[in-house]
Amino acid sequence: NWTMENFIQTAVKRIRDTVGPTAEAIGAVSGGVDSSVASRLMKEAIGNRFHAIFVDNGLMRKNEAENVKHALDEGLGINLVVVDAGKEFLGNLKGVTDPEKKRKVIGHTFIHVFERVANQIKPKDGSQIKYLLQGTLYPDVIESVSFKGPSQTIKSHHNVGGLIDNMKLSLIEPLRELFKDEVRHLGELLDIPEDLVWRHPFPGPGLGIRVLGEVTPKQVEIAREADDVFITEIKKAGLYRKISQAFACLLPIRSVGVMGDQRMYEQVIALRAIETVDFMTADWFVFPADFLKRVASRIVNEVNGVSRVTYDITSKPPATVEWE
Ligand code: XMP
């Protein structure tokens with residue numbers, strides 16, 4: 001008789017049997033629901049012998065890094081290592097404008113930082129870390145099987161993989177039989193904060209692919225502030241859970257505007273909000289006109305460096321969800 005309550009017990013027992021009485025494990029957490037639920041199961045199964053590593057890449061949304069730390073650390077009691085690596089990511093991104101190159105730089109920097117931190121974690125029994133937790137879901141399992149072959153890469157999605165060169169780590173994937181909605185349900189049963197359980201997906205490269213063109217601290221700040229206005233208004237209007245994913249992008253062009261009697265020549269924000277079941281196809285979300293008016297006016301008035309706001313009305317396909 002398969003229920004989520006049974007699933008928790010089975011998953012916890014499986015992890016205990018795999019890891020045994022003394023070995024230790026690591027895993028990357030992102031603040032998303034998958035890695036949080038997977039980490040919560042590890043904590044339940046092996047307590048402090050699981051080390052969650054949170055790499056703050058400086059490309060997170062407003063207050064996100066703080067909230068994630070707080071929720072996992074104080075909230076769920078997970079043994080959390082936080083790495084503040086924003087400078088390293090932004091340094092490596094200097095001068096890079098090509099979308100694929102940006103993704104690669106961010107992916108490589110992530111692996112580099114993760115490896116460095118993982119190597120510093122020393123198990124109590126003096127041995128090596130033996131296990132790597134991954135929040136792989138069932139759709140990821142199918143996708144990596146069926147999309148192999150000479151097909152063209154549309155975007156190089158980054159994930160940690162078993163990619164830690166100098167450590168021999170066995171994978172633990174407690175969610176690999178589950179769909180996203182089941183993971184959310186599991187998160188609720190495991191007392192993970194609602195805000196985290198229902199958070200829209202956020203790509204690994206973060207704001208790095210939502211600042212089009214070169215990623216500088218100043219550009220990241222503009223994208224982050226505009227995004228925060230948009231998401232705050234969406235939540236206030238009670239629309240957050242009706243939308244699958246929403247965000248603001250900063251476009252690499254400038255546009256003329258007028259503020260008071262001053263001429264402005266500043267940048268452009270594009271808003272995107274979609275509804276989808278599986279993220280393979282998506283429709284843009286139909287907002288009430290007064291909602292869009294309010295968001296546009298707040299963004300140009302409150303976010304320095306923005307003179308114009310547009311709303312993306314392209315479905316996927318042909319447009320992808322992200323702009324880069
Ligand atoms: P696209 O833009 O490919 O996005 O239509 C589909 C979904 O995937 C997310 N996405 C990513 N997630 N690493 C991730 O973990 C990535 O590199 C990445 N790129 C896109 C995107 O936000 C959307 O939910």
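All values below come from the heavy atoms of this structure, side chains included, with hydrogens, waters and symmetry mates left out. If you're wondering where the values come from, they're calculated on a predicted model, not measured in any experiment. Order of listing sets the numbers, starting from 1, for every ligand and every atom in it. For reference, positions follow the sequence shown, starting with 1.
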Distance-only N or O hit between ligand 1 and Ile209, under 3.5 Å
no

Is there a chain of hydrophobic side chains (I, L, V, M, F, W, Y, each step under 4.5 Å between heavy atoms) that links Phe202 to Leu93?
yes

Using a 4.0 Å cutoff against the non-hydrogen atoms of [X], which atoms of ligand 1 qualify?
X      : answer
Lys316 : 1 (P), 3 (O), 5 (O), 6 (C)
Arg103 : 16 (C), 17 (O), 18 (C), 19 (N), 20 (C)
Pro205 : 13 (N), 16 (C), 17 (O)
Glu322 : 2 (O), 20 (C), 21 (C), 22 (O)

Would you call Arg224 and Asp228 a salt bridge, using N to O less than 4.0 angstrom?
no

Can Ser30 and Ser35 be counted as having a side-chain donor-acceptor contact under 3.5 angstrom?
yes

Students often mix this up, so state it plainly: with edges at 30° and 60°, are the rings of His200 and Tyr240 parallel, tilted or perpendicular?
parallel

Expected list for residues 264-271: side-chain donor-acceptor pairs under 3.5 angstrom, two or more places apart:
unit_1: Gln267; atom_1: OE1; unit_2: Gln219; atom_2: NE2; d: 3.0
unit_1: Gln267; atom_1: NE2; unit_2: Gln219; atom_2: OE1; d: 2.7

